[in-house]
Amino acid sequence: MEENTNTPSNFIRDIIDKDLEEGKHNGRVHTRFPPEPNGYLHIGHAKSICLNFGIAKDYNGLCNLRFDDTNPEKEEVEYVDSIEEDIRWLGFDWEDRMYFASDYFGRLYDFAVQLIKESTAYVDSSSAEEIKNNRGTPTEPGNESPFRNRTVEENLKLFEEMKEGKYEDGAHVLRAKIDMASPNMHMRDPVMYRIKRAEHHNTGNEWCIYPMYDYAHPISDWIEHITHSICTLEFEIHRPLYDWFLIELHLEDRPQQIEFARLGLNYTVMSKRKLLQLVKEGYVAGWDDPRMPTLSGLRRRGYTPESIRNFSERVGVAKRDAVTDYALLEHSIREDLNIRASRVMAVLKPLKIVITNYPDDKVEQLETDNNPEDTSAGKRTIPFSKNIFIEQDDFREVPPKKFHRLYPGNEVRLKSAYIIKCNDVIKNENGEITELHCTYDPATKSGAGDSRSVKGTIHWVSEPHAVKAEVRLYDRLFTAEDPEADDTKDFKEFINPHSLDIMSDCLVEPGLADAKPGDKFQFIRQGYFCVDPLSTEGKLVFNRTVALRDSWARIEKKGK
RNA sequence: UGCCCGAUAGUGUAAUUGGCAACACGCCUGACUCUGGAUCAGGAAAGUCUAGGUUCGACCCCUAGUCGGGCAGCCA
């Protein structure tokens, strides 16, 4: 399949083009994707992954995977593993360039010593509370720490002792000596190192001091020869600090930080904290619940890597906060599945039909296309018999206007089979419809030349051959476009109570009996579905990825 | 009454870098169809936040304002 090759221009590519023209970095382009292993990747990360790996590819450069693991209290190997898996699944390859910020703890320490020697870093023995109180506010300057002017020797000794574990957590921090009156809060002597006795997923108990993001990130980028360090908007104000460390350390060929707006998607939440809350409080079944915007959730839902890459391309890259319409994501997956998913028939809410003029024991094997969009997908046969099931929604005793489906006296075509006519509606003592009696027209067999045509075609399954299945219909997780908009209400108040609808009495065509987890299908006239990872041959479970566009639903709605 | 950033159809992005607004999604019509899907054809929809200025000419440059977002973790 061909992917969108003409990537639209964006301001980051403009910057790179200009850098290349000016001969910066000797014409190299090297990016990195730097997740913190403290949660699962979501669709917003996918945008960043596609951006970073995509740019590297288009400019003949490289993109590293680097785990930003400077806070051992929050990070776990479980997340490292899931992140690797998700990026690979998305279709990107970091080759042998998987790094950890923790790989650089030694060098980071040495660089810190260098700053101390140059009197641009000092050990502050103030408490966290005192540091906070002396930082000032956005409108008022801060106060200098009483420890700000310790001698180099004293700082060196203290910092080394911090490393050696001579002090308790929080007793001292290492700070950059910049400007307590800076209008940019991040330049008011930011903390570089803190003492934290926590086991690190990678370095174990080797260290008891850990660098802060603002200090570790620019240096990690420099160590890896990154040229363009792409991050999200909230780091914009950190940029002067990013540059400050590199300049003070006299590092050449410095990477450039560029910020873009993170992805916003309506009817969902994207913060790791909130997603974690949904998982922990049981609103969803886990990180890979098909309603989650996580990559593992989307994967389980049936989204393909191609569709997510195309989506990421289409949302664009800019510097303004924006919210993308969920419909764009849905369009991306429909577009992909339309050309690759086999069409099959499945009845979600069965309504029995007896074809009164069809021989009792006869069974025909009818031929049908696997995918009309792709002739190479071939054909298959499906059994047809006297007793079949159709969708309850495809019958109305009293049809509304423009209803092209089955109703008393009307004819419809059974997809790939015959035209039938509804003669009798059979009801039980409660007046509920139990079955329909129809007659078929033998002259209208599918593929038997040009027979009559009727307005409606519906799907069906043969009763004796049908296979039972459970089908899970998903809808958006939230009822509000922006569940976080109202700060008098918790976002969880907007959870859609109908986001999961389990249909347990569905019937699918026999060929689906041995469908394997992950297999994707179009249930004709309904939508795209995939086999859930927990599905078994004894109990088939399908997840609805996305419904087909439904213009009848629109017509009907307008009529009301 | 601080600092930083942003503003283009309903939504998200473009605009050969100063030449008079385009693409995608969505929406509406129609054609076609053994999926009310797909496909095809067509359509509505912004005059670029506001007010000035520079210029033959401004979405683009300048000034002032408005609105929105971010910044006071020993989080990233």
Side-chain angles (χ1 to χ4, degrees), chain A residues 4 8-10 14 34-36 38 68-71 73-75 124 127-128 131-133 135-142 169-170 172-175 182-186 188 190-196 209-210 212-214 216-217 231-240 259 261 263-264 266 272 313-332 334-335 338-339 343 345 368-369 372-373 402-405 412-417 419 444 446-447 451 453-459 522-527 547-556:
Chain A
N4 217 351
S9 78
N10 61 53
D14 290 346
E36 182 186 12
N38 70 340
D68 221 329
D69 56 350
T70 55
N71 185 357
E73 283 170 346
K74 295 186 175 175
E75 297 145 7
D124 192 344
S127 68
I131 289 178
K132 180 184 161 77
N133 292 338
R135 188 156 17 231
T137 70
T139 53
E140 300 160 303
D169 288 13
H172 311 279
V173 290
L174 184 72
R175 289 231 255 172
S182 171
N184 181 342
M185 300 279 294
H186 296 280
R188 320 239 266 226
V191 171
M192 295 167 57
Y193 269 94
R194 70 284 213 194
I195 303 171
K196 189 183 284 239
I209 58 172
Y210 291 95
M212 300 287 288
Y213 166 88
D214 281 319
H217 207 86
C231 64
T232 43
L233 248 32
E234 69 269 28
F235 292 103
E236 197 156 27
I237 201 158
H238 296 236
R239 192 171 53 210
E259 312 84 14
L263 173 71
N266 56 192
K272 280 187 195 173
E313 206 68 70
R314 279 190 261 246
V315 296
V317 181
K319 290 196 69 160
R320 66 171 137 166
D321 296 302
V323 179
T324 293
D325 199 326
Y326 202 87
L328 186 61
L329 219 208
E330 295 189 326
H331 171 260
S332 299
R334 283 196 191 103
E335 176 187 51
N338 177 45
I339 58 170
R343 271 61 171 172
M345 293 205 272
T368 187
D369 285 331
E373 299 293 320
K402 294 184 182 169
F403 188 76
H404 298 157
R405 284 114 95 146
V412 291
R413 170 169 289 282
L414 295 175
K415 171 75 181 171
S416 301
I419 290 176
T444 59
S446 185
S451 61
S453 77
V454 288
K455 274 279 177 74
T457 299
I458 64 175
H459 58 275
Q522 183 197 96
F523 287 1
I524 285 187
R525 303 207 305 132
Q526 307 197 88
L548 251 30
R549 295 182 72 219
D550 188 350
S551 44
W552 164 242
R554 237 173 306 205
I555 293 168
E556 198 180 26

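All chains are named by letter (A, B, ...) in the order of the sequence lines, taking the proteins before the strands, and each is independently numbered beginning at 1. Computation of the quantities below employed the complete heavy-atom set of this structure, encompassing side-chain atoms and omitting hydrogens, waters and symmetry-equivalent molecules.
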Just say parallel, tilted or perpendicular for the rings of Tyr213(A) and His238(A), cut-offs at 30° and 60°. perpendicular
Would one find a side-chain N or O of Thr70(A) under 4.0 angstrom from OP1 or OP2 of A76(B)? yes
Taken to the nearest whole Å, CD1/Ile419(A) to P/U35(B) is 12 Å
Spacing between Asn10(A) atom CG and U17(B) atom P, to the nearest angstrom: 17 Å
Rounded off to whole Å, could you give me the CG-to-P distance for the Asp14(A) and U13(B) pair? 15 Å
Arg549(A) vs U35(B): side-chain N/O to OP1/OP2 distance below 4.0 Å: no
With a 3.5 Å cut-off and just heavy-atom distances, do the side chain of Arg334(A) and the base of G37(B) make a donor-acceptor pair? no
Syn-anti status, with the boundary at 90° from 0, for the nucleotide G10(B): anti
Starting from the 5' end of RNA chain B, give me the residue, Ala417(A) or Val315(A), whose nearest nucleotide shows up first. Val315(A)
Would you mind classifying the nucleic acid contact of Val173(A) as base, sugar-phosphate or nothing, using non-hydrogen atoms under 4.0 angstrom? base
Mind checking if Ile131(A) touches a base, just sugar-phosphate, or nothing, with heavy atoms under 4.0 Å? base
Hey, is the side chain of His331(A) poking within less than 4.0 Å of OP1 or OP2 on C25(B), counting only N and O atoms? yes
Complementary nucleotide of A21(B), counting Watson-Crick and G-U pairs under 3.5 Å: none
Could you tell me the separation between the CD1 atom of Ile458(A) and the C1' atom of U33(B), rounded to a whole number of Å? 17 Å
Syn or anti for U16(B), given that syn means the glycosidic angle lies within 90° of 0? anti
Please list each protein N or O that sits under 3.5 Å from an N or O in nucleotides 70-72 of chain B, with the distance.
unit_1: C71(B); atom_1: O2'; unit_2: His186(A); atom_2: NE2; d: 3.4

Phosphate OP1/OP2 of A15(B): any Ser9(A) side-chain N/O under 4.0 Å: yes
Got a salt bridge between Lys74(A) and Glu36(A), using NZ or NE/NH1/NH2 to carboxylate O under 4.0 Å? no
Phosphate-side-chain proximity, Arg554(A) and C27(B), N/O vs OP1/OP2 below 4.0 Å: yes
Looking at the angle O4'-C1'-N9-C4 for a purine or O4'-C1'-N1-C2 for a pyrimidine, is G68(B) syn or anti, with syn meaning within 90° of 0? anti
5' priority, RNA chain B, between Asn71(A) and Glu236(A) [closest heavy atom]: Glu236(A)
Could you state the NZ-P distance from Lys319(A) to C4(B), rounded to the nearest angstrom? 13 Å
Sugar-phosphate only, base, or nothing, as touched by Glu373(A) at under 4.0 Å among non-hydrogen atoms: base
Check this one for me: any side-chain N or O of Arg525(A) less than 4.0 Å away from OP1 or OP2 of A38(B)? no
Check whether any side-chain nitrogen or oxygen of Arg194(A) sits under 4.0 Å from OP1 or OP2 of C75(B), and answer yes or no. yes
